Structure formats: structure tokens, C-alpha cells
Amino acid sequence: VQGQTMLSFTQRNYYNSSSSQNFFIGINIASSINKLEIAVIKVDSPSPGTPITLIKSMSFDLPHEIGEAYKKIKHRLQNSCSIPQNSSSMIRFNEDFDKFQDRDIQLLRSLIVSVQEEAVRELLREAQLSIENITAVTLANTGFDYCQTGTGESPLYYNVNDGKELAKKLHTNVIH
């Protein structure tokens with residue numbers, strides 16, 4: 001942001017709260033792509049060894065459309081070429097999906113961000129916290145491996161989360 005100094009998320013939370021407590025939200029999408037688990041925790045100080053307190057956790061069924069879109073994309077990408085089962089190649093994280101113009105991929109990521117945003121807001125209501133209390137939201141990786149058609153390169157990993165878009169919608173830090 002031009003003309004402003006960016007603070008680390010710990011500093012930002014410290015200056016925005018009257019206590020030294022840090023709240024974090026963790027989001028996980030089940031590998032079966034049918035559930036979303038979410039929890040908010042409290043850390044009293046950023047010191048090593050500080051106890052972590054679970055404030056509230058919830059589980060949500062994901063809409064059927066998300067699972068179907070995920071399966072369709074996974075099937076299409078994984079069937080475009082085969083990944084050797086005993087490949088010694090390192091799997092690389094595919095960062096190009098942020099720029100990927102595929103309509104199905106963009107729709108899937110958009111649907112997931114909407115559900116994640118709704119889940120965060122519901123969790124905050126239940127825990128009687130506001131987004132301003134949250135130091136950061138963390139996203140667990142959920143995705144699959146696939147290879148690039150016609151190349152001998154290492155397989156790529158596709159993550160269905162869109163941390164940048166979720167951060168914009170929530171107006172808070174997202175670790176992804």
C-alpha cells in the first residue's frame with residue numbers, strides 16, 4: 001500500500017487489540033472434498049512454549065457442486081498423461097493456477113472461497129469475535145498431483161485454495 005508501512009501480522013494484531021492475545025483460524029477441506037473443518041485458537045503471547053487454547057471448532061458439509069467440479073478437473077488433468085507411481089521426480093507446486101484461464105478451475109476456486117468466507121464469518125459469530133481480532137487465517141493444502149502433457153518435467157501439485165482472494169474478502173492475513 002503506497003504511503004503506508006506494512007506491519008507483520010503479529011504487530012498488526014498487537015496494535016489493533018487491547019490485549020496481547022493472538023487469535024488464529026485454521027481451515028481444512030477434507031480430502032474427499034465433502035467437508036470443511038474450521039477452528040479458532042488463542043495464543044496468549046508469541047513466545048515459544050506458550051499454550052494454545054482451542055476457542056471453537058466447526059464442521060460444514062460442502063455443496064455437492066464443489067465435489068463434482070473438483071472430480072471433473074482432477075480427472076481431466078490426471079488423465080491428460082500418467083504420473084509414474086514410483087517416480088523419483090520431486091512434485092512441484094503449481095503457482096500458475098492464479099493466472100490460469102480455465103473456466104472450471106476459476107469456478108471451483110471461487111466456490112471454495114465463498115464457502116470458506118461464510119464458514120469464517122459463522123465461526124466468528126459463534127466464538128463472539130470479530131475479524132479484527134484475528135491475526136491470520138491459515139489454509140491447509142487440498143489438491144492433487146498431475147503432469148504437464150507432452151513434457152518430461154516433474155509432476156505438478158494443484159491446490160484448490162485461493163488464499164489471495166480469501167484475504168481480499170475477509171480483509172485479513174491469510175497464510176497459504
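Nothing fancy with the numbering, it's 1 onward along the sequence. No hydrogens, no waters, no symmetry mates; every other heavy atom, side chains included, goes into these values. All values derive from a computational prediction rather than experimental measurement.
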- Would you name the heavy atoms of A136 and I175 that are closest together and state the gap between them? CB-CD1, 3.9 Å
- Message: Tell me if the NZ atom of K35 is crowded by more than 12 foreign heavy atoms within 6.0 Å.
- Response: yes
- Message: Among I112, V113, I105, L107, exactly one meets side chain to side chain contact (heavy atoms under 4.5 Å, CB included) together with R109. Which residue is that?
- Response: I105
- Message: If you count heavy atoms of other groups shown closer than 6.0 angstrom to CD of E68, is the number above 12?
- Response: yes
- Item | Reported CG-to-CD distance for the pair L111 and Q106, which is rounded to 0.5 angstrom | 11.5 Å
- Smallest separation among heavy atoms of K169 and R121, with atom names: O-NH2, 3.0 Å
- Item | I38 CD1 to S57 OG distance, which is reported to the nearest 0.5 Å | 10.0 Å
- Test item: V137 and Q116 side chains (from C-beta on) under 4.5 Å apart, heavy atoms: no
- Are any non-hydrogen side-chain atoms of T135 and N173 less than 4.5 angstrom apart? no
- Heavy-atom side-chain proximity of V160 to I73 below 4.5 angstrom: no
- Do L62 and N34 have side chains that get closer than 4.5 Å, going by heavy atoms? no
- Message: Using side-chain heavy atoms (C-beta onward) and a distance below 4.5 Å, is L124 in contact with I25?
- Response: yes
- When you check the gap from the basic side-chain N to the acidic O, do K42 and D44 get nearer than 4.0 Å? yes
- Any donor and acceptor pair, going by atom type alone, linking the side chain of N161 with main-chain N or O of G163 inside 3.5 Å? no
- Task: Start with the C-alpha gap between L108 and I66, add the side-chain angles, then the distance that decides, and say whether side chain to side chain contact (heavy atoms under 4.5 Å, CB included) holds.
- Result: CA-CA 6 Å; L108 174 62; I66 288 177; 4.0 Å; yes
- Query: Shortest non-hydrogen contact from T138 to G26?
  - Reply: OG1-CA, 3.4 Å
- Message: Working to the nearest 0.5 angstrom, can you tell me the gap between I27 CD1 and H176 NE2?
- Response: 10.5 Å
- Item | Sub-4.5 Å side-chain heavy-atom contact between R76 and D104 | yes
- Task: Decide yes or no for F60 and V115: does some side-chain heavy atom of the first lie under 4.5 Å from some side-chain heavy atom of the second?
- Result: no
- Message: How long is the straight-line distance from CG of N28 back to CG of L36, given to the nearest 0.5 Å?
- Response: 7.5 Å
- Item | Atom pair NZ (K74) and CD1 (I33), whose distance is rounded to the nearest 0.5 Å | 8.0 Å
- Message: I want to check something: taking the side chain as every heavy atom from C-beta on, are V120 and T172 in contact at a cut-off of under 4.5 Å?
- Response: no
- Message: Rounded at 0.5 Å granularity, tell me how far OG in S32 sits from OH in Y70.
- Response: 9.5 Å
